[in-house]
Amino acid sequence: MNYAFIIAGVLLVVLNIAALLIWLERRLLALWQDRYGPNRVGPFGILQVLADVIKIFFKEDWIPPFSDKPVFVMAPGILMATILLTFAVIPFAPGFLVFDSNIAILFFLGNSSLGVYSIVLGGWASNNKYSLLGAMRASAQMLTYEVFMGISIMGVVMMADSFSLKEIVEAQEKTWFIFPQFAGFLVFLVAGIAETHRLPFDIPEAEGELVAGFHSEYSGMKFGLFFVGEYLGVTLISAIIVVMFFGGWMGPAFLPPVFWFFFKTFIFICFFILLRASLPRPRYDQLMEVGWKILLPLALINILATGAIILFL
Amino acid sequence: MYSIIRSIWLTFLHAFHKRETVLYPEEKPYLPPRYRGRIILSRDPDGKERCVACNLCAAACPVDCISLQSAEDDDGRRYPEFFRINFSRCIFCGFCEEACPTYAIQLIPDFEMGEYNRQNMVYEKEHLLIDGQGKYHGYNYYRQAGVDMGVKGKGEGENEEPPVDIKSLLT
């Protein structure tokens with residue numbers, strides 16, 4: 001019974017946050033570009049999301065006749081399912097956790113790898129050359145960044161001596177892992193941006209070259225699922241960064257732990273949006289080069305150094 | 001690497017800059033006096049129509065949005081019987097104003113012409129004609145040198161010399 005409430009609560013909060021992020025992103029981008037953004041519908045334009053959702057629900061749900069229909073319909077669902085499932089293992093506050101798994105990190109990594117399927121299948125089923133190019137880029141980018149995304153957080157796992165996210169947070173009672181694991185944090189941050197294929201790493205979408213890439217054939221609520229899935233991914237990566245490097249719910253006691261968790265997550269979400277506002281998209285080969293030649297060795301050195309320090313000190 | 005961090009920081013600083021947006025319906029932008037907006041037909045200082053229905057504006061119009069029919073009153077003065085501008089076609093290029101020999105047709109600083117019905121974008125003469133003189137005050141085409149249209153006698157116009165007495169020996 002208690003679980004049912006937590007699950008419902010997490011779903012409600014997470015989905016609403018993802019919807020509000022659309023508004024937040026537009027407002028913040030506008031702020032950093034000296035504009036106003038949506039400010040007409042409701043106070044500060046916050047009901048813009050509602051208007052958009054109503055619009056997107058009433059749009060024609062068009063499935064291209066040349067597409068592979070079952071796969072085409074399934075692809076956005078996979079994205080939402082994998083991301084929402086991962087929220088089950090995230091500890092929002094002590095006791096506010098759906099499922100305290102002892103392999104939570106592996107669960108997160110596995111689910112984010114599965115998420116690639118939605119993009120690849122969506123691009124493939126669209127039967128469109130731009131979509132296929134986007135899907136191809138997405139698979140290569142995800143494969144590259146999956147590798148050292150996993151490796152970069154192994155340092156944290158070694159220091160906390162656990163795969164459970166709850167225990168990782170509890171291990172940060174004294175110092176947050178950002179300080180001993182700074183290299184790991186940097187690599188994970190870059191990999192996280194690439195994982196959510198957000199700007200500046202939105203190479204699978206690349207409006208300029210690929211006309212929205214893997215989801216160019218999607219319309220209506222299926223596109224909406226991809227869209228909300230992107231923001232869910234941002235929330236998820238921010239939450240994971242907070243849990244693993246910034247002490248999760250830890251914070252001064254005058255405010256409840258759940259506030260600290262959401263506050264830190266919010267700051268990272270804003271940082272993701274700031275990245276979008278400031279950085280240009282790298283070329284495709286540059287992305288792979290940085291991944292394999294710099295970030296992977298950096299993650300490996302980090303894991304070696306952490307291991308050596310734990311072993312000999 | 002340094003440039004990436006620098007550009008992130010500089011973008012962040014834009015949060016404290018002034019926003020460039022003009023919040024339009026509440027805050028009207030300044031339109032210069034020569035702004036090319038809605039087209040009007042002006043009158044001369046006597047309160048009569050300046051337009052002489054010469055059709056030069058309709059000829060100059062690149063999108064053919066002006067249509068008019070000329071007529072003559074009892075003095076032989078020409079005026080447009082109807083004058084119609086289809087603003088759903090008009091591109092506000094101002095060629096008609098340049099072509100007009102009498103300063104009758106003028107573009108004014110107003111662009112708020114939205115309509116729900118496309119047919120309402122077609123303006124007839126009673127919508128176009130204003131009571132004032134527009135941008136060029138005091139100009140009266142018929143008071144300049146030229147033929148007599150019941151406004152002035154021969155040789156009495158502005159910038160016009162009296163007629164030469166060709167029978168006088170002194171000229």
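Fair warning: this is a prediction, and the values are worked out from it, not measured in the lab. Chain letters run A, B, ... following the sequence lines, proteins first and then strands; every chain starts at 1.
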For the [atom1] atom on [X], are there more than 12 heavy atoms of other groups (residues, nucleotides or ligands in this structure) within a distance under 6.0 Å?
X      : atom1 : value
A/F58  : CZ    : no
A/F57  : CZ    : no
A/F263 : CZ    : no
B/F82  : CZ    : yes
B/N117 : CG    : yes
B/E126 : CD    : yes

Looking only at N and O atoms, which donor-acceptor pairs between chain B and chain A are within less than 3.5 angstrom?
from, atom 1, to, atom 2, distance (Å)
B/H14, ND1, A/D34, OD1, 3.3
B/H14, ND1, A/D34, OD2, 3.0
B/R19, NH1, A/R35, O, 2.8
B/E20, N, A/D34, O, 2.8
B/E26, OE1, A/R40, NH1, 3.4
B/E26, OE1, A/R40, NH2, 3.3
B/E26, OE2, A/R40, NH1, 2.9

Check your understanding: With only heavy atoms counted, which part of A/L279 is less than 4.5 Å from chain B, the side chain, the backbone, both or neither?
Key -> side chain
**Study point:** Region of A/L275 in contact with chain B, defined by heavy-atom distances below 4.5 Å
**Key:** side chain
Check your understanding: Which residues satisfy the side chain to side chain contact (heavy atoms under 4.5 Å, CB included) test with B/A58, sequence neighbours excluded?
Key -> B/N55, B/I66, B/L68
